[in-house]
Structure formats: structure tokens, C-alpha cells
There are 2 protein chains.
Amino acid sequence: MSRDKLPRPTDAELGILRVLWERGASTVREVHETLQDGSGYTTVLKTMQIMTEKGLVMRDESQRAHVYTSRVPRENTQRQLVTDLVDRVFGGSPARLALQALSTKKTSPEELAELRQLLESLEKEAES
Amino acid sequence: MSRDKLPRPTDAELGILRVLWERGASTVREVHETLQDGSGYTTVLKTMQIMTEKGLVMRDESQRAHVYTSRVPRENTQRQLVTDLVDRVFGGSPARLALQALSTKKTSPEELAELRQLLESLEKEAES
DNA sequence: AGGTGTCAACGAAGCCTTTCGTAGATCGAC
DNA sequence: GTCGATCTACGAAAGGCTTCGTTGACACCT
């Protein structure tokens with residue numbers, strides 16, 4: 001059961017995961033208030049219940065207001081979605097995606113430095 | 001009507017778009033044969049009909065076997081999906097996505113060179 | 001104890017995607 | 001012209017996502 005591969009989170013699920021990643025363990029009320037989209041309380045509740053069934057989140061029922069925690073680390077989900085997009089749209093080439101991403105918007109000097117660092121380590125690897 | 005923003009293509013639609021980008025104008029039969037997923041002929045047909053209604057593809061009905069062409073350039077769709085993912089999962093930072101993408105898989109020397117070139121032009125820009 | 005507010009649970013509805021069976025049109029071969 | 005193959009069109013079904021109304025449980029306050 002726990003070996004099942006997790007499904008790609010839907011849009012609404014991703015919104016909720018982002019809140020849980022940001023705030024840590026939270027109640028439905030807290031998530032609902034943080035999400036400033038127009039969705040109603042019961043909608044968020046229902047979605048989080050479904051996410052529990054799917055194994056995307058964990059629920060602590062010891063309090064009256066159940067406390068939810070993400071079971072999928074942010075990094076994993078990011079990796080999953082990126083490789084998914086790479087396969088489906090960029091012919092399996094992560095570099096193509098990177099090029100596309102970088103040419104769309106502005107990037108801070110700090111991030112540029114990080115990129116340079118990664119790029120150079122990749123280049124060093126390629127020489128071997 | 002033609003000014004409407006195009007919706008995000010679904011998974012099945014993306015598969016078909018990839019074939020059209022690759023082969024150029026194609027009939028349903030050709031698309032169906034190129035796609036080596038298990039989907040049936042009528043399934044592909046129906047999806048392409050829906051895509052026509054949505055404005056994702058164009059149809060030339062002058063032949064008995066209608067000829068379909070993509071109306072959305074590959075680049076546009078890639079850009080759309082990338083900015084979408086950046087906003088929904090990477091807090092609006094394209095560089096974060098790029099870093100994630102590059103650290104997942106191998107990248108060819110040619111692509112590395114391209115990346116370096118882009119990176120350097122971005123760095124030059126940042127100095128101004 | 002009674003009233004008020006908060007919460008989870010349930011179920012249903014609406015919509016979209018994906019799938020395919022069937023029917024009708026068209027073409028080429030015989 | 002008829003037969004068989006190919007193609008589009010139509011409609012419907014199944015499943016998933018998202019939404020929310022309603023209900024019943026529980027807790028706190030007076």
C-alpha cells in the first residue's frame with residue numbers, strides 16, 4: 001500500500017500542499033484562511049480528506065480540529081512535476097526546460113550565481 | 001472568439017500536439033499510428049475534434065481524410081506550461097525550476113554550452 | 001441545561017476528460 | 001452497382017475533480 005507510487009497532485013491539491021509546506025502542520029480552517037482563493041471551507045475540507053485517502057497528507061485526529069501534515073516533501077513533488085514536464089513536453093531534455101525557464105523572466109544575481117556554480121560542476125563532470 | 005486565451009492542454013491533447021509539431025499536418029490515422037499508446041482510433045479522433053473546437057488545432061476538410069494542423073506553436077505551449085509550473089510550484093522563480101531540472105538528469109555538452117551562453121548573457125544584463 | 005458556534009462527515013451535483021460502440025458517408029475495386 | 005475498407009460524426013458511459021448544502025457531534029459560555 002505504502003509502496004504505491006503517488007499520483008500527480010491536482011491543482012487544488014497543490015495549492016493545499018503549498019500551504020502545508022509553508023506553515024507546517026495545520027488545521028483545515030488555517031489552510032482555508034491562508035488560501036485566499038474563493039473556495040469555501042467545506043471544499044477545502046473535502047479535498048484534504050481525499051488527499052488523506054491518497055496518502056498525500058497525514059491526519060492527526062487527537063484534537064477536535066484535525067491537524068494535517070504533508071506526507072510528500074516539497075522537493076520530491078517538485079522533482080516529480082519537473083521530470084513529468086520534461087518527458088511530456090521537452091522530449092526528455094531537462095536542459096531544454098531550463099533554457100525555456102530562464103528566458104522567460106528575470107533572475108536575481110544570487111540565483112545566477114547558484115546557476116553558474118551548478119553549471120560549472122556539470123561541466124567538470126562532463127570532462128571525465 | 002479567437003482572442004480567448006487558450007486553455008492548458010490536457011495530457012492526451014499534449015500527446016497529439018507533439019505528433020503534430022513533429023510531423024506537421026497530419027490525418028487522424030497518421031497521428032493514431034504515431035502515438036504508440038494503447039488508445040483507439042476513435043478516441044484519438046474524438047480528442048482531435050474537441051481540440052478543434054477549443055482552437056488548439058486547425059482542420060482542413062477538403063480531403064476525405066481531414067488534415068489537422070497545430071494552431072499553437074510548440075514554443076508558446078512550452079512557455080505557457082513552464083510559467084504555469086513556476087507559479088504553482090516554484091514560487092514564481094524560474095531559476096529554482098531550472099536548478100531542479102538540471103540536477104535531475106544528464107545533460108549533453110552541447111546543451112551545457114547553450115546554457116553557459118544564456119547564463120553569460122543574463123549575467124551581462126544584470127550588470128547594467 | 002440551553003444556546004451558539006465550530007468542526008468533520010456525507011452525499012450529491014456539475015463539469016471535464018477519456019474512452020469507445022455504432023451509425024452513416026465516401027471511395028476504390030471488382 | 002455492389003462490397004469492403006476507411007473515415008467522420010454522434011452519443012453515451014465511466015471516472016475524476018471541484019464544489020457545496022446539510023447533518024450530526026462536540027465544546028464553550030451563561
Side-chain angles (χ1 to χ4, degrees), chain A residues 4-20 23 25-69 72 77 80-81 84 88-89, chain B residues 4-20 23 25-69 72 77 80-81 84 88-89:
Chain A
D4 287 1
K5 210 177 270 176
L6 288 175
R8 175 154 46 122
T10 68
D11 285 356
E13 287 170 352
L14 250 178
I16 290 168
L17 282 178
R18 272 172 55 189
V19 173
L20 292 181
R23 301 189 77 258
S26 308
T27 65
V28 174
R29 160 157 298 282
E30 289 165 337
V31 171
H32 173 242
E33 279 169 0
T34 305
L35 284 174
Q36 275 300 358
D37 59 351
S39 56
Y41 175 86
T42 51
T43 301
V44 177
L45 169 64
K46 179 67 162 185
T47 306
M48 290 175 79
Q49 286 170 346
I50 293 175
M51 291 170 79
T52 306
E53 287 168 19
K54 290 186 185 173
L56 286 172
V57 298
M58 270 169 47
R59 179 168 51 191
D60 172 8
E61 309 183 359
S62 66
Q63 307 298 324
R64 183 158 107 86
H66 298 178
V67 177
Y68 289 80
T69 319
V72 289
T77 304
Q80 177 191 7
L81 292 173
D84 201 76
R88 285 187 304 127
V89 191
Chain B
D4 287 0
K5 209 176 273 177
L6 290 175
R8 177 153 43 122
T10 67
D11 286 356
E13 288 170 352
L14 251 178
I16 291 169
L17 282 178
R18 273 172 54 187
V19 173
L20 292 181
R23 300 190 78 258
S26 308
T27 65
V28 175
R29 160 156 298 283
E30 290 165 337
V31 171
H32 174 242
E33 277 169 1
T34 305
L35 284 173
Q36 277 300 3
D37 57 351
S39 55
Y41 177 86
T42 51
T43 301
V44 177
L45 169 64
K46 178 68 162 185
T47 305
M48 291 176 77
Q49 286 170 345
I50 293 174
M51 291 170 78
T52 306
E53 288 168 19
K54 289 187 186 175
L56 286 172
V57 298
M58 267 168 49
R59 177 168 52 189
D60 172 9
E61 309 184 358
S62 66
Q63 308 298 324
R64 183 157 108 86
H66 298 179
V67 176
Y68 289 80
T69 321
V72 290
T77 304
Q80 177 191 7
L81 293 174
D84 203 75
R88 285 187 303 124
V89 192

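Of the side-chain N and O atoms in Tyr41(B), one or more sit less than 4.0 angstrom from OP1 or OP2 of dT8(D). Within the 4.0 Å cut-off from OP1 or OP2 of dA9(C), at least one side-chain nitrogen or oxygen of Gln49(A) is found. At dC16(C), none of the side-chain N or O atoms of Arg8(B) fall inside 4.0 Å of OP1 or OP2 (strictly under the cut-off). Distances shorter than 4.0 Å separate none of the side-chain N or O atoms of Thr47(B) from OP1 or OP2 on dT18(C).
Remark: P of dT23(D) and CG of Leu45(A) are 17 Å apart, rounded to the nearest angstrom. For Arg59(B) and dA9(D), the CZ to P distance is 5 Å, given to the nearest whole Å. The CD1 atom of Ile50(B) sits 15 Å away from the P atom of dT8(D) (whole-angstrom rounding). The nearest whole Å value for the distance from the CG atom in Leu56(A) to the C1' atom in dG16(D) is 14 Å. If you measure from atom CD of Glu53(A) to atom P of dG16(D), you get 12 Å, rounded to the nearest angstrom. Distance CD (Glu13(A)) to P (dT18(D)): 6 Å, rounded to an integer number of Å. As rounded to whole Å, 11 Å separates atom P of dC7(C) from atom NE2 of His32(A). The interatomic distance linking Gln63(A) (CD) with dA8(C) (P) rounds to 12 Å, in whole Å.
The listed nucleotides are dT19(C), dC26(D), dC7(D); the one nearest the side chain of Arg64(A) is dC26(D). In the set dA8(C), dC20(D), dT19(C), the nucleotide with an atom closest to the side chain of Lys46(A) is dC20(D). Across dT22(D), dT17(C), dT19(D), the shortest atom-to-atom separation from the side chain of Lys54(B) is found for dT17(C). Among dG21(C), dA8(C), dA25(D), the nucleotide with an atom closest to any side-chain atom of His66(A) is dA8(C).
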side-chain contact (heavy atoms from CB on, under 4.5 Å) between Glu13(B) and Val57(B), worked out:
CA-CA 10 Å; Glu13(B) 288 170 352; Val57(B) 298; over 6 Å; no
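Each of Val67(A), Thr27(A), Thr69(A) was compared with Asp60(A) under the side-chain contact (heavy atoms from CB on, under 4.5 Å) criterion, and only Val67(A) meets it.
Summarising the geometry of Ser39(A) relative to Val44(A), their closest heavy-atom pair is OG-CG2, 3.7 Å, with the distance given to 0.1 Å. The two residues Tyr68(B) and Leu20(B) make their nearest non-hydrogen contact at O-CD2, 3.8 Å.
When the nearest nucleotides of DNA chain C are assigned to Thr42(B) and Glu61(A) by heavy-atom distance, the more 5′-ward of the two goes with Glu61(A).
Within 6.0 Å of atom CD in Glu61(A), more than 12 heavy atoms from other residues, nucleotides or ligands are found, so the atom counts as buried in its surroundings.
Thr10(B) comes within 4.0 angstrom of the backbone, heavy atoms only, and of no base.
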